[in-house]
Amino acid sequence: MADITLTATPVPKAGLLAAIAAVFRHRALSSAKVRLALLILVPILALTILAPVLPIQKPLETNLRAMMQFPSIEHVFGTDKMGRDIFSRTLAGVQVSLLVGFSVAAIALVLGMLLGTLAGFYGGLIDRAIMTVVDIFLAFPSLLLAIGLVSVMGTGIVPVILAISLADVPRFIRLQRSQVLSLRSRAFIDAARTVDASQYWLMTRHIVPNTIAAMLVAASIAAANAILVEASLSFLGLGIMPPQPSLGNIVRDGQTYLEQAWWISTLPGVVILLIAVGLHFLSDGVRELLDPRSR
Amino acid sequence: MNYQAPVKTTLLEVRDLRTEFHTASGTVTAVDGVSFAIERGERVAVVGESGSGKSAMAMSILRLLTHPGKVAGGEVLLDGRDITKLSEGQLNAIRGRLVGTVFQDPMSSLDPVMRISKQMIEPIMRNLRLNREQARAEAIKWLGKVGIPEPERRIEAYPFEMSGGMRQRVMIAMALSCRPQLVIADEPTTALDVTIQAQIVEVLKNLTAEAGAAMMFITHDLGLVARFAHKVAVMYAGRIVEFGRVEDIFANPSHPYTQSLLGTIPSTSMLKSDRLPQIPGLPPDMRYPIVGCAFKERCAAAHDRCLREAPRLTDRGIDHRAACWSQHGLEHGATLKVERPERTNKPFEPDGSVVVELNALWKQFETSRKMVVKAVNGVNLRVHKGETLGIVGESGCGKSTVARLLLGLEKPTSGDIFISGRAQMVFQDPASSFNPKMTIGDIVAEPLVVRAQGNKAERLEAVRRLISQVGLDPAFAERYPHQLSGGQRQRVAVARALALNPSVVVADEPTSALDVSVRAQIINLLVDLKQELGISFVFISHDLLTVRYISDRIAVMYLGEVVEYGAAEEVFADPRHPYTKALIDAVPVPDPAIESRRTTTPLQGELPSPLNLPKGCAFASRCPMATDRCRAEKPSLPNHDLSRQVACHYAH
Amino acid sequence: MIGNIRKLLAASLPLLASFALVLSATPAAMAQGKTLTVRFYDDPAGFDPANIFRIENENIAFNIFSGLTSYDGVTGEIVPDLATSWETSDNKTWTFKLREGVTFHKDYGDFTAADVIYSFNRIKDPATASPYAAELAGIVSMEAPDPYTLVIELDAPNGNFLHTVANYHQGQIVSQKAIEEAGDQVRWQPIGTGPYYLESIDVSSQIVLKRHEGYYKGPAPIETIVFNIIKDEATATIALRNGEVDLVMRSNQEENLTTLKAEGFTMNAVMNYAVVVGVLNPEFEPFANPLVRKAMAHAVDYVSITQAISPSLTQPHSSMLLPWMDVYTDDIPKYEYDPEKAKALLAEAGYPDGFTFKNLGTSAQGVTELQQFQIDFLSQVGINMEMELVDTPTFNQRRNAGEFDMASRLLPAVNPDMILFSYLHPDNMVPNGLNGARYDNPEVTALLEGARAEPDKDKAFEMYKQVQQIVAEEAVYLATYSNNVFWPGKPEVTGVHINYLAQVNFYDVDITE
Amino acid sequence: MAEYTAKKLAQMLVTVLGVVTLVFFTLRLIPGDAASAMAGDTLSGEALQVLREQMGLDEPLLTQYLGFLRNLAVVDLGETITTRIPIAELLLRALPITLSIALATIVVSVALSIPLGTLAAYMAHKGRNWLDNGLTGAAMIIDLMPSFWTALVLLLVFSLGLGWFPASGQLNWSDPWALVLRLALPVIVLSLSQVATLARITRTAVLEVLNEDYVRTARSLGWSELRVLFRHALKNAALPIATVVGLSFGNLLGGTVIVEFIFTIPGVGNLLIAGINSRDYQLVQTLIVLYALLFVVINFATDLIYKTLDPRVQF
């Protein structure tokens, strides 16, 4: 038994992806929270995808004879000042808002994990350099930072995504770094070091998989938040440009008519709420799934 | 035994106490119909492994359980009053006043942002109706009594400014300062070093006796029980399975569980070649109702009736009751040992070659405030092939740093480390030594993957072999660490350490987090592996009995230095360094007869700070034999060729 | 600078002291005389005639200063102000008779011809760096034979010179003494001869005007006018409905107007205040083609759109000039809504599948509902209009430099000649002027110059008419709709006449019980 | 302590310098300058150039940058480019207002959220989760309402409908009651999301402390639940709460922008937006530096508070 003679083969590099994939292979639906989240999100997404074939007015189609109509069978969410179907616009807006939300979350997650891991794992000069920049960015109130960036880059969906995610990245770096710092001293890292595991190995196999859960939760909050920040940017005229609908600008535009036609901004607002609740449950559920202890 | 109850009146009577925890995964009946009584001035030890319900029972008595725990039934009569029926306000008049409590973890049991004075004085004022000055004087008096030096000054300290031992003394002073009639001490020494433990136990024992208070002492350490208690209650799966006077319990244990527990402790008279007796299996899952005797699966004497019907406590003698259908429990001796798995290889025979050599090893750390911690100061050690070196010493003595240096996890400040082959490690903390996101299979395979050994199939095969080698079912490879018990996890840790065919395995306190019954299993495993594979071990522990049992040689460390080195048997039988003597003296032996004969006072004081080392002998500040020479001149360890080395001017 | 800190501390003392003041210390001014509270919609930027900009600031200046002439609040016609009468024979030499007994605010003395000469020279002086210097560039000499007579010699005939010297921008008369005393703070210490003087200003919240007791027409009926800065439209409307303000300067939300009207507020308004045109850059290839420009004009149903979204605030309009202007003619080609014709024109121009262009806009305004309709309508004839939103300064810079495919312009001016000259004369081509269409038609240029020099009003009108017809025929600028300006107020506030510069002369305003 | 402060100050200086540099050059990346901001419909060509010279915009960037740094170093805030108002004077008016709003918001939200969060934690500790769940739900909903929307609804209900609070009007420091009424709605709008967040943080922190051993120790000494809650649990939970309050104070300063706009409050946020719109580099730079300074100072203060609250942390 003493001799385990083995031939050498290359070390597999896909550790991280494999770890993530493994989680989703395992009974994602077994979590009540994930089920609830999907119960909310799937119909919204399905409607969004099906929107082009649904028997509803196109989101950009105006109708001068059906302005500011109360919700009805024909216009489930009513119509706006330009006689456009709010339901249809909301669905189109969901698409844009989710794109914004997920892109922001993804960018913040990837950059935050990358830089946070580097800073936390290597420490020293790298850490100080990264954290100095992070401090500088954190010294701006985040809405102001987004305003500034949109002013530089112009309006439109890409600048909005970049601006919001850039404002989020420093927070993600901080979170990731603090997680890495606490993980770095854990015994299983030592155990891997005693077999001369490379730093790449330590980061991808031990550190990152153990930080993902918290980062995903932060990302889902960031995603929901991005939808709102986009709305605030819209309010200041820096968000997604109409007539292209986003949930944010629909709510913002409808705000003008709050007294005359409350449904214009309220119903899409409820949809934002539903999406955020869905994301919340989804992230919570995924976090639990990622944690083998809860299985 | 010199026990004479002062006046035989019952102070506390617990009748059919039931405590339940309502968790998401079901209702756990942590305490299942416990009944017993404590007389005034009597010290009763409650013994049991983790999960046996002993703490839940103690907390139930004062209704200190937090959600989701709940007292579900029974009576707790304190001085004739049923505590379970009191209002919260009435209860508060009893807590602290009539019943004082000492908890397990001194590090977390005191409010970190409040000075000791504030935490101590106000309860005294309230309970003894004293004004602030009087209460303060009282508090200082008690701090002095529990052995806090300069109590007038230290009373203004914050808890974090004190060591764990000091904090536990404060806890004791707090618990006793309101003159309670009953002290409940929940594992008060578990988190402490053996030397400190001896001091604390001494303080507790003396002071309660002096105050005439009764005490309920919860522990899993049978040695402490022998040293301390008048009576013993043994708990298993939420029930008391045996209750009696301490000498009866140790001399004539009647319940198979008590009998097994006593057997698992390496005794001083035990031979190295003997395997430690071990209790097979695990305690039952308390979420499910237990049919019949809870111990039946692990009991060699179990028979049909045990499967169907739970035994009640029945008399076995004067003040001695046990809950077992058979009158004497296990038949003596024969039934305890489990069958040893058949070995295919012939036992390894040492050839005397050196596997590990440490020469003049120094390690210093710089703290954030530019101070230098001298963790390891000139250590020379050798480990031969197939030999186990035990390193003992109080926490902070540098033994773990030696281990980390050995494994290359730290770089030495100076000195050489020579290792023939590879060193691997088994860590203490089962919670953090495994990546919670990896399966057991992946964990064991990791060293192979990292070192790029074998292809996938070969590695899979290797993992299966390793897992079964440590006595687990290969199916465990699919599980995650949290799904394993502590003992199983330590087996996995061993399997991982073996994956790369190491020449030496460093085990840092591998059993300290484990229950007594499981501890024996791991020790047996390590001994087996040593014999089978010829691997050397460095075994670091503060558990001297275990170290003595498992080690061929022992190095005793104090403040980063080896103060005594020699063959395990010799060092134990004839300790030459005063520190070694003190350490061995501090270890409680599970034999009331031996314990009652002890006369030596425990080692005083605590390990000095490794920031400023004394010029002379490091131990001089605590040594009962220290002279001016010791304080001026540092004794050194003689040439390591000697089989026995002692760093003391007066050792011979 | 340490001195700066000291200044800061010194300035903070009265502020701290005012903290301590008690409830009873209501400003004394409130107790006596009438007070009018008006909503002001942006931060004030100063009231120095030499560099004043933005309508809301100009409206304050309009009431502080006087010009030689002014505009009648109701008819919009030129009326005498500091000049009681004037004469010219050739539109080149102008002789003004000045009003006697006019005094400047706050003991800055009597008004004489010297003040006019000083004021105009100040504008012309390059050191003043006034953006309006060009307006007075034509003045060759100014002479005052006596303190109340002024003779101005121009280098060329200018039939519109009375507009130039009206109470607006460069035409406003300042006091030399006041200017010199104010140093670089002129914009915050305006001294004029108008019915009101500036009593106090907090640039981020409030402007207080007091009536000039020595105003030559006699003191105004209202003693104090408080302008409260309320930027948000919805808040402004609520403030009026709550009675927190008496008058809302420029309410421009159709829904708010509807609500206010229904609640009985007075809808003070001026119709056809300004026209909004689309400036098409011919350097963007399709726009160089008149057929394309016409197609775009045909493609959008401005009649329905304005009716639908803002019937009170807008109406469709097809000329660069407004009906109330003396040289306006309705006799020009018009482009009614006809998508089929638009498609045909596009096909004829070589764009049967349409094209994509960018409409430059400001993020502050966002994409207006009207623009959203434009997008929708244009898409139906195959033209894809994309909005390019930049913030206002960027917008101004790019628009003035001519860097856009299409940009909107509001053409506000009482002087039609100025509009036509600025937007059609090659000398004013971007980036040196406002001619963003880069229009250079020698025929039109000749007509413009001729009309300006022509002292005979009828003949001049003929030339202006021709210009309007040519420009409309070629669809140089895409006329879309004209704006109305509303100042809704409490019914008891009377005399709110908004002139065609969108300004109110507060001398006419009163509060009736 | 001195060493710590010095180190911290140096760190703050680096941060602020970084912010200054970033802002300075970012601003100049944005097309359009103060001159073109003023130009409006009327200006072009030469006139613009004259204006630029007047405003000092024609100087080389580096000269402008160094000049700005030099002036900052001697605390000379200068004047606005377009309107020639000393920025110190503007700040003196705007800053007390914004700080009052932020401070009032903090006070209101702390006063509401700590009892609420503590109660929720206590009930959750005792196994009764409805308040906890309700709080989380409400917090989530409130968090998701854009402030411009909430602001308008509150205006419609409380100002127009009930007439409790004015929608506009001067901030009159000499009339405290009027001031309170005037600032009530903005403070409520800002507090809403703060309360939600803070109550959740409090709840988590207190719940964690309630599970600590020393709380059990306090109970074992016979102290009442209330005393345990306030003397031990809240005191220890104050640490994380203080950190979050400090952080949210910084964010509040930014959050006032929209509220100041809607409620027409002449605060720093309003100045900033005006500055951006008029491309007043001097004003915008100064304000951002001010924000950054406030932020780092608040962070520093939070640190200090943390250190006073927790004797374990030493300098």
Side-chain angles (χ1 to χ4, degrees), chain A residues 57-69 79-85 89 92 146-160 163 231-246 248-250 252-262 264-265, chain C residues 231-238 241 251-260 262-263 300-311 337 358-380 384-395 398:
Chain A
Q57 204 173 311
K58 295 284 163 279
L60 300 188
E61 190 182 322
T62 57
N63 182 353
L64 291 173
R65 277 162 298 282
M67 287 163 41
M68 297 214 276
Q69 286 188 350
T79 63
D80 68 5
K81 182 67 194 289
M82 308 180 62
R84 295 178 299 197
D85 182 62
R89 287 183 68 72
I147 292 174
L149 290 167
V150 172
S151 304
V152 176
M153 295 183 290
T155 47
I157 198 158
V158 176
V160 164
S232 288
L233 286 175
S234 278
F235 179 75
L236 297 169
L238 301 169
I240 307 284
M241 283 181 295
Q244 161 97 299
S246 76
N249 70 27
I250 299 172
R252 176 248 181 288
D253 288 348
Q255 180 238 35
T256 313
Y257 310 110
L258 206 53
E259 243 186 307
Q260 292 85 14
W262 56 267
I264 300 180
S265 72
Chain C
K231 293 181 186 173
D232 188 54
E233 279 295 325
T235 314
T237 308
I238 291 174
R241 292 163 79 187
S251 181
N252 53 22
Q253 190 80 71
E254 186 73 28
E255 274 62 35
N256 292 338
L257 292 175
T258 316
T259 308
L260 291 173
E263 290 183 7
V300 184
D301 183 1
Y302 289 105
V303 179
S304 305
I305 295 174
T306 52
Q307 254 317 301
I309 55 176
S310 50
Y337 175 55
K358 284 186 174 160
N359 188 352
L360 190 66
T362 66
S363 49
Q365 196 170 32
V367 183
T368 62
E369 281 159 348
L370 197 130
Q371 284 165 332
Q372 297 187 42
F373 270 120
Q374 279 179 332
I375 292 171
D376 195 31
F377 274 95
L378 286 172
S379 73
Q380 285 165 25
N384 181 14
M385 171 168 128
E386 284 174 2
M387 288 304 296
E388 184 180 10
L389 295 190
V390 293
D391 66 336
T392 312
T394 313
F395 175 80
R398 285 186 49 189

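Naming: A, B, ... by sequence-line order, numbering from 1 per chain. Just so you know, these numbers use all the heavy atoms, side chains as well, and skip hydrogens, waters and symmetry mates.
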Does any heavy atom of chain A fall under 4.5 Å from the side chain of [X], the backbone, both, or neither of them?
X        : answer
C/Thr362 : neither
C/Ile375 : side chain
C/Gln253 : side chain

Please state whether the side chain, the backbone, both or neither of [X] comes within less than 4.5 Å of a heavy atom of chain C.
X        : result
A/Arg84  : side chain
A/Glu259 : side chain
A/Met67  : side chain

Spatial distance of atom CG (A/Asn63) from atom CG (C/Asp376) [nearest 0.5 Å]: 10.0 Å
From CZ (A/Arg65) to OG (C/Ser304), nearest 0.5 Å: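 If we round to the nearest 0.5 Å, A/Arg65:CZ and C/Ser304:OG are 7.5 Å apart.
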Chi angles and distances behind the side-chain contact (heavy atoms from CB on, under 4.5 Å) call for A/Met68, C/Glu255: CA-CA 11 Å; A/Met68 297 214 276; C/Glu255 274 62 35; 3.4 Å; yes
Interface residue of largest heavy-atom contact number with chain A, from C/Gln371, C/Arg241, C/Gln307, C/Gln380, under 4.5 Å: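 The option with the most such pairs is C/Arg241.
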Greatest number of heavy atom pairs closer than 4.5 Å to chain A - which of C/Thr368, C/Val367, C/Asp301: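 Winner by heavy-atom pair count: C/Val367.
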Any A/Gln260 side-chain heavy atom under 4.5 Å of C/Glu254 side chain: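 Contact flag for A/Gln260/C/Glu254 side chains = no.
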Minimum heavy-atom distance A/Lys81-C/Glu369, with the two atoms named: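 Shortest heavy-atom separation between A/Lys81 and C/Glu369 comes out as CG-OE2, 3.3 Å.
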